[in-house]
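Only one structure is covered here, and it is reproduced in the block below.
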Amino acid sequence: MDETPKRFDRIVAILIQLQSKKIVKAQELADRFEVSLRTIYRDIRTLEAAGVPIYSEAGVGYALMEGYRLPPVMFTREEISSFIAAEKLMQKFTDPALGTHYASAMYKLKSVLRSTDKDWLSNIESRVFMQTAEPLFNTNSPNTLAVLFESIAEKKQILLSYKTFDKEETTQRNIEPVGVFHDHNNWYFLGYCHLRSDYRQFRTDRILGIKKTDCDFTIEHDSLETYLNKNETIPTTKVRLLIDKRIVRYLEFERKHHGYVSEKETDGQIEMTFMCRDIQNGFPRWFLMFGDYATILEPESLKIRTLELLEVNRKRLL
């Protein structure tokens, strides 16, 4: 089989990737194209032989000489399709400020498309719709993600006005953001809080105000993954539930957020096992949503906590 067309496409893609970042590691390229490092070294030499000014630094990676750029490349229709999904997601799942910046970038992307591809794109994008279950950002803070991204990139602290969930109070904090992530249908960011002198997690819909300051970071932070992985070491409690088969399918999405491990059929019902991190609040409150169709097999502490919550509700209804 002739590998020439495939290699040509890969070399062009390598050149595009070199234009997209300041430094690109050989291993990063090898992983992306699923080839050996030797193949990447050979492709880089081919680009150099063609006159592309690439410089390399041992142990760091490859980079293009400053100022070298190629004219815009044409996109395939598969790539154009990905723009539609990305644009719809940005419209619904980011704050207004970042959404405006992305819309501007999309106009520039669409400007280089052929007329036939523009028509093709227009026919699809009007038939794709994204819907959110609840607001992801407070209306008083329409630029949350944009400010966080700037803060992380420039290593400048932010001043945060934040409403806590448990105490329902608003605090002012100086934060050094480490990273932003989406989980449980909400946006969060993790950062070092100077008020608490520790790392804390913040939910974007509880942010009442945010602005970047001129204060530099005081700490060299690890990657976001490092801090999130530390949460994996939080002690867990084994939970077993016996659930009516008729409603199991309605729990498939939410259960993964509560430590779902496995399930098996027992006497016409489904026995589910979880390794739960929040046996006092998160899990029992979730259980009450379908508790009339389920039985707690273990632990006893979950039964007690669920009864406590039911008693609070009973008194409120009297």
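The shown structure was predicted, so the numbers you read here are calculated from the model rather than taken from an experiment.
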Practice prompt. Starting from the C-alpha separation in whole Å, work towards a yes-or-no answer on salt bridge (Lys or Arg N to Asp or Glu O under 4.0 Å) for R200 and D198.
Written response: CA-CA 6 Å; R200 290 288 189 271; D198 197 3; 3.3 Å; yes
Practice prompt. Answer yes when K156 and E176 have at least one side-chain N-carboxylate O distance shorter than 4.0 Å, and no when they do not.
Written response: no
Discussion item. Under the criterion side-chain contact (heavy atoms from CB on, under 4.5 Å), I'd like the reasoning laid out for H257 against F253: C-alpha separation, chi angles, the key distance, then a yes or no.
Written reply: CA-CA 8 Å; H257 300 309; F253 178 76; 4.0 Å; yes
Worksheet item: What is the minimum heavy-atom distance between I54 and E48, and which atoms define it?
Response: O-OE2, 3.7 Å
Worksheet item: Do the non-hydrogen side-chain atoms of Y192 and S197 ever get within less than 4.5 Å of each other?
Response: yes
Practice prompt. Hey, could you give me the CD1/CD1 distance between I14 and I40, rounded to the nearest 0.5 Å?
Written response: 4.0 Å
Worksheet entry | Heavy-atom donor-acceptor pair, N143 side chain to A146 backbone, under 3.5 Å | no
Discussion item. Would you say that P177 contacts F149 through its side chain, given a criterion of any heavy-atom pair below 4.5 Å between the two side chains?
Written reply: no
Worksheet item: Are V147 and I158 side-chain neighbours, meaning at least one heavy-atom pair lies under 4.5 Å?
Response: yes
Practice prompt. List the steps and the verdict of salt bridge (Lys or Arg N to Asp or Glu O under 4.0 Å) for E34 and R10.
Written response: CA-CA 11 Å; E34 299 181 343; R10 185 176 66 246; over 6 Å; no
Item to complete: Please answer whether the main-chain N or O of D222 pairs with a side-chain N or O of T226 as donor and acceptor at a distance below 3.5 Å.
Response: no
Worksheet item: Y260 and H258: aromatic ring centres closer than 6.0 Å?
Response: no
Worksheet item: Aromatic rings F93 and H182: how do their planes relate, parallel, tilted or perpendicular, breaks at 30° and 60°?
Response: perpendicular
Worksheet item: Can you tell if the side chain of F33 reaches within under 4.5 Å of the side chain of D43, non-hydrogen atoms only?
Response: no
Response to the item:
Rounded to the nearest 0.5 Å, the CD atom of Q269 sits from the CG atom of L242 at a distance of 4.0 Å
Using residues 285-300 as the side-chain source, report each donor-acceptor pair under 3.5 Å to any protein atom, sequence neighbours left out, with the distance given to one decimal.
unit_1, atom_1, unit_2, atom_2, d
R285, NH2, N281, OD1, 3.4
E298, OE2, R240, NE, 2.6

Worksheet entry | Sub-4.5 Å side-chain heavy-atom contact between Y102 and T100 | no
Worksheet item: Are K245 and E263 close enough for a salt bridge, meaning some N to O gap below 4.0 Å?
Response: no
Worksheet entry | Intermediate values then yes/no, side-chain contact (heavy atoms from CB on, under 4.5 Å), E87 and I84 | CA-CA 5 Å; E87 185 174 23; I84 300 172; 5.9 Å; no
Worksheet item: Short question: side chain of D95, backbone of L145 - any donor-acceptor pair under 3.5 Å?
Response: yes
Sequence neighbours excluded and cut-off under 3.5 Å, please list the side-chain donor-acceptor pairs for residues 307-318, or say none.
unit_1, atom_1, unit_2, atom_2, d
E308, OE1, R305, NH1, 3.3
E311, OE1, R314, NE, 3.1
E311, OE2, R314, NE, 3.4
E311, OE2, R314, NH2, 2.8
N313, ND2, L309, O, 3.4

Worksheet item: Closest heavy-atom contact between V239 and L302?
Response: CG1-CD2, 3.7 Å
Discussion item. Please give me the minimum heavy-atom distance between A63 and I23, naming the atom from each residue.
Written reply: CB-CD1, 3.7 Å
Practice prompt. With side-chain contact (heavy atoms from CB on, under 4.5 Å) as the test, would you mind laying out the steps for Q157 and K212 before giving the verdict?
Written response: CA-CA 6 Å; Q157 296 180 29; K212 188 182 66 176; over 6 Å; no
Worksheet item: Is the shortest heavy-atom distance from the side chain of E271 to the side chain of E265 under 4.5 Å?
Response: no
Worksheet item: Can T46 and R7 be counted as having a side-chain donor-acceptor contact under 3.5 angstrom?
Response: yes
Worksheet item: What's the spacing between L15 CG and I11 CD1 if we round to 0.5 Å?
Response: 10.0 Å
Worksheet item: What distance separates R203 CZ from R206 CZ, expressed to the nearest 0.5 Å?
Response: 4.0 Å
Worksheet item: Is a side-chain N or O of T204 found less than 3.5 angstrom from the main chain of W187, in a donor-acceptor match?
Response: yes
Discussion item. Which residue in the set N138, T144, T139 passes side-chain hydrogen bond (donor to acceptor under 3.5 Å, both in side chains) when paired with S141?
Written reply: T144
Discussion item. Side chains of S36 and R38: any donor to acceptor distance under 3.5 Å?
Written reply: no
Discussion item. Once rounded to the nearest 0.5 Å, what's the spacing between atom CG of L190 and atom CZ of F181?
Written reply: 6.5 Å
Fill in: Centroid-centroid distance, F202 to Y162, less than 6.0 Å
yes
Item to complete: Could you grab the distance from atom OG1 of T237 to atom CZ of R277, nearest 0.5 Å is fine?
Response: 11.0 Å
Discussion item. With side-chain contact (heavy atoms from CB on, under 4.5 Å) as the criterion, how do I279 and S301 come out once you've worked through the C-alpha distance, each side chain's angles and the decisive distance to 0.1 Å?
Written reply: CA-CA 8 Å; I279 202 71; S301 59; 4.3 Å; yes
Worksheet item: Are the aromatic rings of F274 and F283 close, with centres under 6.0 Å apart?
Response: yes
Item to complete: Ignoring hydrogens and angles, state whether a donor on the side chain of Y199 or Y227 is under 3.5 Å from an acceptor on the partner side chain.
Response: yes
Worksheet item: Do you know which two heavy atoms are closest between W120 and S81, and how far apart they sit?
Response: CH2-OG, 3.1 Å
Discussion item. How about NZ on K303, more than 12 heavy atoms from neighbouring residues, nucleotides or ligands closer than 6.0 Å, or not?
Written reply: yes
